[in-house]
Amino acid sequence: MSVRELVVLGTASQVPTRHRNHNGYLLRWDGEGILFDPGEGTQRQMLRAGVAAHDIDRICVTHFHGDHSLGLAGVIQRINLDQVPHPVTAHYPASGQRFFERLRYATAYRETVKLKEAPVAEDGVLALTPAYTLEARRLSHPVESFGYRLVEPDGRRMLPEKLAAHGVKGPDVGRLQREGVLGGITLDDVSEVRRGQRFAFVMDTRLCEGVYALAEGCDQLVIESTFLDEDAVLAEDHGHLTAGQAACVAREGGVRHLVLTHFSQRYSDPGEFERQARAAGFEGELTVAQDLARVPLPKR
């Protein structure tokens, strides 16, 4: 059975707190796992969340600030220690190549796993697989930062009432799906397009074109909301979003499920992020992320 869910490993910005670890998120997409922004302490959070090194197929780093990347050294070494049997691909801003290399080879260890480095230098498609297309868009932060987006190919949904009306049943249903036409009956006659799921991951950034492009039409948007709206000037100065700004992006992009995360330690009431997001007019499903939470993608 396919599983699509976000496993939240950490939600703190800049520094961990007593209740929030540095950033870290694992997206389970059917049989594949994509680890986003492994901050310090990610290995331990993986253990607590029931995530194994074997679950990781890709690593996507948005930028090279410590709270988004210092866990890379431990995660990469754990992948090798556990002798993960499949190749792992790492995406990260090309301008941070020296940081990636320092983290990859921070200490001595035995390399047993093929780790493919795939740095990101510009907007566009990073990977094309049967299950999804992985894209990147440039964000606006004091250091170069990219957001990521997965888009599933569109499929078909068979309509039982139309199949019955055309007398298509049993093995003929599968044959029609494979061949597209059967006895003059076309696939369009008995089915409809099922749009593929879309997921976006947007971390440290001001409002910019890339944020809106990543969020457009997403089933689930994971997005930073470091500050509350009353601190919008601070957010702009430091290259971040407020809860209200993140919610407006989701509202305008038609997002189904908004996941707010990356919270400043200055705030003690997580509920205020939800209140401000609702006040900004977002009416879809809304989650204020907590460490070790599992957040399923909306059903297709």
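For clarity, every value in this text was computed on a predicted model and none was experimentally measured.
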key: N/O donor-acceptor pair under 3.5 Å between Thr287 side chain and Ala289 backbone   = no
query = Do the non-hydrogen side-chain atoms of Leu187 and Leu176 ever get within less than 4.5 Å of each other?
reply = yes
ask   = Any donor-acceptor pair under 3.5 Å linking the side chain of Arg149 with the backbone of Glu216?
value = yes
message = Any carboxylate oxygen within less than 4.0 angstrom of a Lys/Arg side-chain nitrogen, looking at Asp123 and Arg137?
response = yes
message = Is there a continuous path of hydrophobic side-chain contacts, each under 4.5 Å between heavy atoms, that joins Leu126 to Val202?
response = no
ask   = Judged by atom type as modelled, is there a donor-acceptor pair below 3.5 Å linking the side chain of Thr205 to the main-chain atoms of Ser140?
value = yes
key: Exercise: do His262 and Asp204 side chains pair donor with acceptor under 3.5 Å   = yes
request  = May I have the step-by-step check of ring pair (Phe, Tyr, Trp, His ring centres under 6.0 Å) for Phe100 and Tyr92, ending in yes or no?
outcome  = CA-CA 8 Å; Phe100 185 85; Tyr92 51 87; 4.1 Å; yes
query = Is Glu101 salt-bridged to Arg98, going by a charged N under 4.0 Å from an acidic O?
reply = no
inquiry  = Does His238, at its NE2 atom, have more than 12 non-hydrogen atoms belonging to other residues, nucleotides or ligands within less than 6.0 Å?
reply    = no
Hydrophobic cluster identity match, Leu103 and Val143, side-chain contacts under 4.5 Å = no
inquiry  = Whether the Gln83 and Thr112 side chains hold a donor-acceptor pair (N or O, under 3.5 Å, no angle test) is what I'd like checked.
reply    = no
query = Does Asp269 reach the main-chain N or O of Gly271 with its side chain, forming a donor-acceptor pair under 3.5 Å?
reply = yes
ask   = Is the backbone N or O of Val88 less than 3.5 Å from a side-chain atom of Asp57, with the two atoms forming a donor-acceptor pair by type?
value = no
ask   = Does a donor on one side chain and an acceptor on the other come within less than 3.5 Å for His141 and His65?
value = yes
message = Within the supplied structure, the quantity of interest is the number of heavy atoms (other residues, nucleotides, ligands) at a distance under 6.0 Å from Gln14 CD; does it exceed 12?
response = no
message = Please determine whether residues Val259 and Leu241 belong to a single hydrophobic cluster, defined as Ile, Leu, Val, Met, Phe, Trp and Tyr linked transitively by side-chain heavy-atom distances below 4.5 Å.
response = no
key: Heavy-atom side-chain contact between His91 and Leu134 under 4.5 Å   = yes
request  = Could you please spell out the steps behind the side chain to side chain contact (heavy atoms under 4.5 Å, CB included) verdict for Gln220 and Leu6?
outcome  = CA-CA 9 Å; Gln220 188 173 96; Leu6 179 76; 3.7 Å; yes
query = Passes salt bridge (Lys or Arg N to Asp or Glu O under 4.0 Å), Arg58 versus Glu32? Steps please.
reply = CA-CA 8 Å; Arg58 291 184 190 274; Glu32 189 166 339; 3.5 Å; yes
inquiry  = Testing Arg4, Arg195, Gln197 one by one against Glu152 for a side chain to side chain donor-acceptor pair (under 3.5 Å), which residue passes?
reply    = Arg4
task = For residues Leu258 and Val255, report the shortest heavy-atom separation together with the two atoms involved.
result = N-CG1, 4.1 Å
ask   = Between Gln45 and Glu40, does any side-chain donor sit less than 3.5 Å from a side-chain acceptor?
value = no
key: Beyond-backbone contact of Val222 with Phe199, side-chain heavy atoms, under 4.5 angstrom   = yes
Side chain to side chain contact (heavy atoms under 4.5 Å, CB included) evaluation trace for Val151 with Glu135 = CA-CA 8 Å; Val151 178; Glu135 307 168 351; 4.0 Å; yes
Ser191: which of Gln177, Lys162, Arg156 passes side chain to side chain donor-acceptor pair (under 3.5 Å) = Arg156
ask   = Any chance CZ of Arg104 has more than 12 other-residue heavy atoms, nucleotides or ligands included, within less than 6.0 Å?
value = yes
ask   = Are Thr62 and Asp37 linked by a side-chain donor-acceptor pair shorter than 3.5 Å?
value = yes
task = Examine distances only and state if a side-chain atom of Glu252 and a backbone atom of Val249 form a donor-acceptor pair shorter than 3.5 Å.
result = no
key: Between His68 and His22: side-chain donor-acceptor atoms closer than 3.5 Å   = no
query = Closest approach of Asn80 and Arg110, non-hydrogen atoms and distance?
reply = CB-O, 3.6 Å
task = Decide side chain to side chain contact (heavy atoms under 4.5 Å, CB included) for Glu117 and Gln97; before the verdict, give the C-alpha distance in whole Å, the side-chain angles of both, and the deciding distance to 0.1 Å.
result = CA-CA 9 Å; Glu117 297 183 13; Gln97 182 67 42; 2.9 Å; yes
request  = Ignoring hydrogens and angles, state whether a donor on the side chain of Gln77 or Thr107 is under 3.5 Å from an acceptor on the partner side chain.
outcome  = yes
task = For side chain to side chain contact (heavy atoms under 4.5 Å, CB included), just list the numbers for Leu221 and His257, CA-CA rounded to whole Å, side-chain angles, deciding distance to a tenth of an Å, and then say yes or no.
result = CA-CA 6 Å; Leu221 169 65; His257 186 173; over 6 Å; no
key: Contact check, side chains of Leu214 and Phe146, non-hydrogen atoms, under 4.5 Å   = no
task = Under the ring pair (Phe, Tyr, Trp, His ring centres under 6.0 Å) rule, what do Tyr267 and Phe273 come out as? Steps first, then yes or no, please.
result = CA-CA 9 Å; Tyr267 308 115; Phe273 288 88; 5.5 Å; yes
inquiry  = So does Ala52 get a backbone contact from the side chain of Asp55, meaning a donor-acceptor N/O pair under 3.5 Å?
reply    = yes
message = Taking the side chain as everything from C-beta on, heavy atoms only, tell me whether Asp154 gets closer than 4.5 Å to Arg194.
response = no
key: Contact summary for Val61 and Pro93, nearest pair of heavy atoms   = O-CD, 3.4 Å
message = With clusters defined by side-chain heavy atoms of hydrophobic residues (ILVMFWY) lying less than 4.5 Å apart, directly or transitively, does Val51 cluster with Leu72?
response = yes
request  = Give a yes or no on whether the backbone of Ala280 and the side-chain of Arg251 come within a donor-acceptor separation of less than 3.5 Å.
outcome  = yes
ask   = Hey, are His240 and Arg206 close enough side-chain-wise for a donor-acceptor pair under 3.5 Å?
value = no
message = Determine whether Glu230 and Gln276 satisfy the following criterion, side chain to side chain donor-acceptor pair (under 3.5 Å), listing intermediate values before the conclusion.
response = CA-CA 10 Å; Glu230 54 267 31; Gln276 292 195 357; 2.9 Å; yes
request  = May I ask you to test the Trp29-Leu297 pair for a side-chain heavy-atom distance under 4.5 Å?
outcome  = yes
ask   = Distance-only, no hydrogens or angles: does the Ser13 side chain make a donor-acceptor pair with backbone N or O of Phe263 under 3.5 Å?
value = yes
key: Expected output: side-chain Asp291 to main-chain Asn21 donor-acceptor under 3.5 Å   = yes
task = Verify the cluster assignment for Tyr25 and Val288: are they in a single hydrophobic cluster under the rule of side-chain heavy atoms below 4.5 Å apart?
result = no
